[in-house]
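Just the heavy atoms: all of them, side chains too, but no hydrogens, waters or symmetry mates, feed the values below.
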Amino acid sequence: MIVMGIESSCDETGVGVVSWDGEKATLLADEVASSVDEHARYGGVVPEVASRAHLQAMVPTMTRAREAAGIDRPDAIAVTIGPGLAGALLVGVAAAKAYALAWDVPLFAVNHLGGHVAVDTLEHGPMPESVALLVSGGHTHLLGIDSLARPLHEMGTTVDDAAGEAFDKVARLLDLGYPGGPALDAAARDGDPTAIKFPRGLTGPRDAPYDFSFSGLKTAVARFVEGEVRAGRPVSIPDVAASFQEAVADVLTAKAIRACRARDVSTLVLGGGATANSRIRSLAEERTTATGIDLRVPKPRLCTDNGVMVATLGAHVIGGGAQPSPLTVATDPGMSVQISKL
């Protein structure tokens with residue numbers, strides 16, 4: 001079976017193709033058109049700009065994916081219906097419905113978050129019972145995984161800013177540009193992660209054990225910089241970047257290890273664009289090694305939004321016996337954690 005995936009939840013137009021043998025998916029094509037450069041001058045994603053970019057990129061990206069996979073049409077189409085930007089999702093879902101109708105193939109509406117987990121199987125094989133830590137500009141979640149064909153369990157999420165959003169806002173504060181994650185990571189390489197003791201949100205004994213909060217950390221960075229400027233002292237951007245990055249990575253990985261122990265699983269999966277951050281990856285590796293937990297991290301290209309993650313999740317959902325979605329299925333920008341919506 002050949003499954004095509006369409007992703008348009010934010011600022012990447014992704015079309016991916018996988019083959020499915022009933023047990024595993026194999027990558028055939030992964031084409032992405034990003035509008036990140038168009039958003040850079042605004043310091044963040046502008047929903048209207050993203051929607052127009054998806055309209056312009058969808059057909060060319062689809063053409064490249066079909067050519068790369070060597071197919072005329074797939075056997076099924078999977079599409080992200082949420083969570084994400086309302087207008088951006090509408091473009092992808094409308095395209096998926098049109099192609100499904102024109103090619104007379106079934107449509108499967110799936111959850112963006114499940115795609116970030118499923119894509120790991122392309123590199124590391126079948127997914128065991130595990131915990132997934134998803135970190136991106138719009139999402140920070142700890143998810144319990146029994147099977148990719150069954151609903152995911154949300155163990156924790158952010159109560160305010162997502163980690164990736166905090167990276168972007170701190171990068172803007174330090175005048176490092178957009179997107180903030182790579183810029184902060186680069187600046188932190190020359191800094192001391194212990195130079196400034198920034199707070200670790202929701203880590204007290206009475207706090208929710210698996211939830212996250214990064215708003216207070218972001219404010220603490222702003223106050224520190226303002227204080228240094230008022231005092232006439234130079235602000236060490238590398239030290240601020242390294243100390244901020246350390247605070248984020250510390251909380252994310254500590255709670256992920258705690259979640260693995262609570263579920264009594266021996267596998268931790270990282271997903272989402274912000275897990276490309278070098279410190280999040282290295283600290284996760286240190287802590288999983290120390291606790292005997294297997295760490296699975298897709299290559300950076302598969303961590304960011306793409307169509308192949310949607311195709312891979314779609315293949316697992318189909319393999320689990322899900323029925324196709326009706327062509328009337330709606331987008332759900334605030335979609336909760338679940339594998340599929342029929």
Looking at [X] and [Y], what are the two nearest heavy atoms and their distance?
X	Y	answer
D192	D239	N-OD1, 2.8 Å
S51	G87	OG-C, 3.2 Å
W103	D72	CZ2-O, 3.9 Å
Y210	A262	OH-CB, 2.9 Å
H54	C10	NE2-O, 2.7 Å
P83	G334	CB-C, 4.4 Å

Legend entry - CA sep, side-chain torsions, deciding dist, call: V240, L174, side chain to side chain contact (heavy atoms under 4.5 Å, CB included): CA-CA 9 Å; V240 174; L174 299 177; 3.9 Å; yes
Are [X] and [Y] close enough that some pair of their side-chain heavy atoms sits under 4.5 Å apart?
X	Y	result
V329	K97	yes
N306	M309	yes
V159	F212	no
L133	V269	no
V32	R301	yes
T158	D160	yes
M155	L143	no
S8	T13	no

May I ask you to say whether [X] pairs ionically with [Y], meaning some side-chain N is under 4.0 Å from a carboxylate O?
X	Y	result
D250	R287	yes
R279	D185	no
K169	E165	yes

Inset, instruction - Output, in order, the C-alpha distance, side-chain angles, deciding distance and verdict of side chain to side chain donor-acceptor pair (under 3.5 Å) for E31 and T61. - result: CA-CA 6 Å; E31 297 297 327; T61 308; over 6 Å; no
State plainly whether one hydrophobic cluster holds both [X] and [Y], where clusters connect Ile, Leu, Val, Met, Phe, Trp and Tyr through side-chain heavy atoms under 4.5 angstrom apart.
X	Y	answer
F198	L184	yes
V297	L313	no
V135	I257	yes
I280	V131	yes
L142	L134	no

Rounded to the nearest 0.5 Å, what separation is found between the [atom1] atom of [X] and the [atom2] atom of [Y]?
X	Y	atom1	atom2	result
L270	R296	CG	CZ	11.5 Å
I6	T80	CD1	OG1	9.5 Å
D75	S19	CG	OG	10.5 Å
I81	L89	CD1	CG	8.5 Å
R200	L252	CZ	CG	11.0 Å
D120	E123	CG	CD	7.0 Å

Inset, instruction - Dump the intermediate steps for side chain to side chain contact (heavy atoms under 4.5 Å, CB included) on T157 and T140, then the final yes or no. - result: CA-CA 6 Å; T157 187; T140 305; 5.5 Å; no
Ignoring hydrogens and angles, tell me if any N or O in the side chain of [X] forms a donor-acceptor pair with the backbone of [Y] under 3.5 Å.
X	Y	result
R258	P209	yes
S325	F108	no
S130	L268	no
K218	V170	no

Inset, instruction - Determine, stepwise, if the pair S266 / D294 fulfils side chain to side chain donor-acceptor pair (under 3.5 Å). - result: CA-CA 6 Å; S266 58; D294 294 328; 4.7 Å; no
Inset, instruction - Evaluate side chain to side chain contact (heavy atoms under 4.5 Å, CB included) for F167 paired with N277, printing each intermediate quantity in order. - result: CA-CA 10 Å; F167 270 97; N277 177 270; 3.8 Å; yes
Would you check if there is a donor-acceptor pair between the side chains of [Y] and [X] at a distance under 3.5 Å?
X	Y	result
D11	S35	no
E7	S9	yes
H316	T312	no
D146	H153	yes

Legend entry - Exceeds 12 heavy-atom contacts within 6.0 angstrom, atom CD of E286: yes
Legend entry - R233, CZ: over 12 other non-hydrogen atoms inside 6.0 angstrom: yes
Inset, instruction - For the pair V17 and V308, evaluate side chain to side chain contact (heavy atoms under 4.5 Å, CB included) and give the outcome as yes or no after the intermediate values. - result: CA-CA 6 Å; V17 183; V308 74; over 6 Å; no
Inset, instruction - Return the orientation label for the H139 and H112 ring planes: parallel under 30°, perpendicular over 60°, tilted otherwise. - result: tilted
Legend entry - Distance flag, aromatic centroids of Y178 and Y42, threshold under 6.0 Å: no
